[in-house]
Amino acid sequence: MCIKLVIFILSDSSEFRDNLKLAYSAAVSRRQQFLIRCLGGSTEKKNFNFQSIRMQSVMSSGPSLEAESVSILTSIIPGLESTKHKGQAGKIAVVGGCREYTGAPYFSAISALKIGADLSHVFCTKDAAPVIKSYSPELIVHPILEESYSIRDDEKSSISAKVIAEVEKWMERFDCLVVGPGLGRDPFLLDCVSHIMKHARERNVPMVIDGDGLYLVTNCLDLVSGYPLAVLTPNVNEYKRLVQKVLSSEVNDENGTDQLLSLAKGIGGVTILRKGKSDFVSDGKTACAVSIYGSPRRCGGQGDILSGSVAVFLSWARQCAAKGEVSMNPTILGCVAGSALLRYAASMAFDKKKRSTLTGDIIECLGRSLQEICPV
Ligand SMILES: NC(=O)C1=CN([C@@H]2O[C@H](COP(=O)(O)OP(=O)(O)OC[C@H]3O[C@@H](n4cnc5c(N)ncnc54)[C@H](OP(=O)(O)O)[C@@H]3O)[C@@H](O)[C@H]2O)[C@@H](O)CC1
Ligand SMILES: Nc1ncnc2c1ncn2[C@@H]1O[C@H](COP(=O)(O)OP(=O)(O)OP(=O)(O)O)[C@@H](O)[C@H]1O
Ligand SMILES: [Mg+2]
């Protein structure tokens with residue numbers, strides 16, 4: 001990146017040169033501010049040695065729950081070696097998208113690609129597929145799911161078998177499934193999806209469960225209970241419903257960490273990413289937080305970016321764990337990295353777009369955010 005900048009500075013007009021210098025110093029400053037926030041320090045300018053931060057342990061010691069998200073991000077992002085082939089950086093599948101919701105699965109699947117996955121599939125209803133395809137030719141879209149309104153009762157069992165067989169063909173190729181963005185709540189569709197989840201679990205495919213996937217799981221906890229490769233990413237409402245179902249109590253923010261630990265333990269050691277002003281992550285044994293500054297805009301779809309992002313980082317963290325490069329639970333590492341990147345990109349988008357910031361603007365900032373955190 002530095003070499004490219006020098007070449008432009010030598011060859012272009014002084015106005016362009018000044019703009020480039022400004023853009024570069026803004027990027028450096030933003031990265032420094034991000035590092036300071038991640039380390040819980042003051043926001044005064046300081047000189048940081050990025051490499052030394054990279055070498056620190058991934059979890060904070062002491063009473064603070066704040067995860068060292070920069071260390072985590074940089075330790076699991078794979079290199080871009082020319083020896084690698086298509087697929088090695090990750091193949092993600094989103095199960096979601098119905099008549100009402102086409103944005104959510106698109107946000108999740110495109111975010112996975114923009115972060116660095118090689119292939120991103122979407123399994124959605126027949127109605128939703130042409131719409132999602134029209135948003136982007138980059139996505140591989142399978143129009144296989146059906147909602148009750150479009151089929152007769154006597155067709156249900158044969159259609160259900162067809163849907164499951166179709167997804168099953170692909171299952172082993174996926175590094176992670178995201179289940180739920182824009183899935184809807186049709187009972188027949190959710191029944192098919194529960195079969196898909198059972199197959200994924202039999203094949204040890206990790207699953208990030210979000211949106212209506214959480215509605216399904218909350219009503220049928222056995223789908224994920226005791227599965228360590230399941231990650232649940234509830235928002236305020238979804239968390240409340242989970243707590244009521246599993247712990248038979250109300251959300252208690254005074255003892256929030258203990259309650260999150262109990263919830264994750266109560267579902268047999270799944271990993272939970274509780275979204276909010278700070279994101280809290282627990283697998284029932286440990287808990288950590290990501291509270292770096294994000295954006296004050298709460299436009300819909302940010303949780304969908306997060307689900308695609310967690311899926312990619314979780315896949316990369318599992319690759320690192322298989323090589324003995326990291327020792328922490330890869331699902332926790334994936335959640336922390338996904339949350340930190342989303343918040344960083346949201347902050348960058350808000351800097352530029354202010355009140356008009358939308359989810360698409362945040363997605364556009366994913367690449368530059370990664371570059372500032374972990375330059376290629
Ligand atoms: N473009 C698309 O296609 C998108 C599609 N999406 C898809 O929509 C589906 C349903 O997901 P969801 O998030 O709307 O459902 P859920 O959490 O039950 O909220 C329902 C209602 O609860 C409220 N509410 C929400 N947050 C709250 C809070 N913090 N604190 C207090 N109240 C809060 C709020 O109601 P209100 O404020 O009107 O009372 C909200 O309307 C799911 O498939 C998802 O993936 C989304 O991903 C977005 C982009
Ligand atoms: N009050 C907040 N302050 C700062 N960041 C927040 C706040 N609430 C949520 N976020 C961030 O936004 C992300 C999405 O969380 P949110 O609660 O909006 O999910 P969601 O409701 O599932 O979103 P979606 O609209 O995609 O369904 C979280 O990762 C979190 O980092
Ligand atoms: Mg959501």
Side-chain angles (χ1 to χ4, degrees), residues 34 37-38 66-67 69 94-111 115 122-125 127-128 131-132 135 145 147 178-186 189-190 193 208-219 231-245 251 253 256 272-281 288-311 313 334-350 357-363 365-366 369:
F34 175 66
R37 287 186 206 116
C38 291
E66 192 64 17
S69 35
V94 176
V95 181
C98 64
R99 195 160 54 158
E100 281 100 340
Y101 307 122
T102 54
Y106 165 77
F107 293 144
S108 180
I110 201 76
S111 299
I115 289 165
V122 177
F123 292 89
C124 59
T125 66
D127 294 342
V131 182
I132 298 172
Y135 296 152
L145 301 176
E147 291 180 83
V178 181
V179 181
L183 192 58
R185 293 184 182 177
D186 179 78
L189 183 145
L190 291 183
V193 172
V208 177
I209 322 283
D210 187 44
D212 298 313
L214 288 168
Y215 170 81
L216 171 64
V217 159
T218 305
N219 291 317
V231 174
L232 315 187
T233 55
N235 65 13
V236 176
N237 282 342
E238 293 152 352
Y239 188 74
K240 190 173 154 197
R241 290 193 283 260
L242 267 175
V243 168
Q244 286 168 341
K245 180 71 189 268
V251 174
D253 281 324
I272 300 177
L273 192 173
R274 179 189 178 186
K275 298 179 285 195
K277 192 168 174 223
S278 292
D279 289 342
F280 291 95
V281 184
C288 59
V290 180
S291 27
I292 57 170
Y293 183 71
S295 155
R297 276 283 281 140
R298 300 269 62 81
C299 54
Q302 295 182 63
D304 303 319
I305 303 181
L306 183 74
S307 64
S309 174
V310 170
F313 285 117
C335 287
V336 170
S339 165
L341 178 67
L342 165 69
R343 284 168 165 261
Y344 190 85
S347 153
M348 190 186 276
F350 186 77
T357 306
L358 296 180
T359 298
D361 301 315
I362 302 174
I363 290 171
C365 290
L366 289 171
S369 301

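Start at 1 and go down the list; that is how both ligands and their atoms are numbered.
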Test log, rule side-chain hydrogen bond (donor to acceptor under 3.5 Å, both in side chains), inputs Ser69 and Tyr344: CA-CA 11 Å; Ser69 35; Tyr344 190 85; over 6 Å; no

Residues Leu145, Val95; criterion side chain to side chain contact (heavy atoms under 4.5 Å, CB included); working and verdict: CA-CA 9 Å; Leu145 301 176; Val95 181; 4.3 Å; yes

Considering all heavy atoms, the nearest Pro105-Gly96 contact: CB-O, 3.4 Å

Residue selection (non-hydrogen contact nearest atom 28 (C) of ligand 1) among Val236, Asp304, Leu358: Val236

Protein heavy atom at shortest distance from atom 45 (O) of ligand 1: Gly182 N, 2.9 Å

Heavy-atom protein neighbour under 4.0 angstrom from atom 3 (O) of ligand 1: yes

Taking atom 12 (P) of ligand 1 as the reference point, the nearest protein heavy atom with its distance: Asn235 ND2, 4.7 Å

4.5 Å side-chain heavy-atom contact, Val281 and Ser339: no

Partner of Leu232 under side chain to side chain contact (heavy atoms under 4.5 Å, CB included), chosen from Val208, Thr218, Ile209: Ile209

Atom 33 (C) of ligand 1 protein-contacted (non-hydrogen atom, under 4.0 angstrom): yes

Identity and separation of the nearest protein heavy atom to atom 18 (O) of ligand 1: Arg241 NH2, 3.1 Å

Which segment of Asp210 sits under 4.0 Å of ligand 1 when only heavy atoms are counted: neither

Carboxylate-amine/guanidinium proximity below 4.0 Å for Lys275 and Asp210: yes

Shortest protein contact, atom 43 (O) of ligand 1 (heavy atom only): Asp212 OD2, 2.4 Å

Where ligand 1 meets Pro181 - atom numbers and elements under 4.0 angstrom, heavy-atom basis: 45 (O)

Contact bool for atom 36 (P) of ligand 1 (protein heavy atom, d < 4.0 Å): no

Atoms in ligand 1 with a heavy atom of Gly180 nearer than 4.0 Å: 43 (O)

Heavy atom of protein inside 4.0 Å of atom 21 (C) of ligand 1, strictly below: yes

Protein contact of atom 11 (O) of ligand 1 - nearest heavy atom, named by residue and atom, plus distance: Glu238 OE2, 4.7 Å

Ligand-residue contact atoms, ligand 1 with Leu183, heavy atoms, under 4.0 Å: 43 (O)

Nearest-contact summary for atom 24 (N) of ligand 1 - protein heavy atom, Å: Asn237 ND2, 3.1 Å

Note, Pro181 side chain near Val94 side chain (heavy atom, < 4.5 Å): yes

Side chain to side chain contact (heavy atoms under 4.5 Å, CB included) assessment of Arg297 paired with Ile362: CA-CA 11 Å; Arg297 276 283 281 140; Ile362 302 174; over 6 Å; no

Gly256 to Arg274 - nearest heavy-atom pair and separation: CA-NH1, 4.5 Å

Is_contact(atom 8 (O) of ligand 1), protein non-hydrogen, under 4.0 Å: yes

Protein contact to atom 48 (C) of ligand 1 [nearest heavy atom, distance to 0.1 Å]: Gly301 N, 3.7 Å

Contact check: Gly103 vs ligand 1, nitrogen or oxygen atoms, below 3.5 angstrom: yes

Audit row: Leu366, Ile305, side chain to side chain contact (heavy atoms under 4.5 Å, CB included) steps and yes/no: CA-CA 10 Å; Leu366 289 171; Ile305 303 181; 4.2 Å; yes

For atom 10 (C) of ligand 1, closest protein heavy-atom neighbour: Tyr101 OH, 4.0 Å

Gly303 to ligand 1, any heavy atom closer than 4.0 Å: no

Sub-3.5 Å N/O-N/O distance, Ala104 and ligand 1: yes

Tyr101: ring-ring contact (aromatic ring centres under 6.0 Å, His included) partners, not counting sequence neighbours: none

Minimum heavy-atom distance between Ala109 and Val122, given as atom pair plus value: CB-CG2, 3.6 Å

Nearest heavy-atom neighbours spanning Cys288 and Val336: SG-CG2, 3.6 Å

Check against side chain to side chain contact (heavy atoms under 4.5 Å, CB included), Glu66 and Ile292: CA-CA 9 Å; Glu66 192 64 17; Ile292 57 170; 4.3 Å; yes

Side-chain (Thr359) to main-chain (Gly300) donor-acceptor, under 3.5 angstrom: yes

Neighbouring residues of ligand 2, heavy-atom cut-off under 4.0 Å: Asn235, Lys275, Gly276, Lys277, Asp279, Arg298, Gly300, Gly301, Gln302, Gly303, Asp304, Leu306, Leu342, Arg343

Ser307 vs Ser108, side-chain hydrogen bond (donor to acceptor under 3.5 Å, both in side chains): CA-CA, chis, key distance, verdict: CA-CA 6 Å; Ser307 64; Ser108 180; 3.0 Å; yes

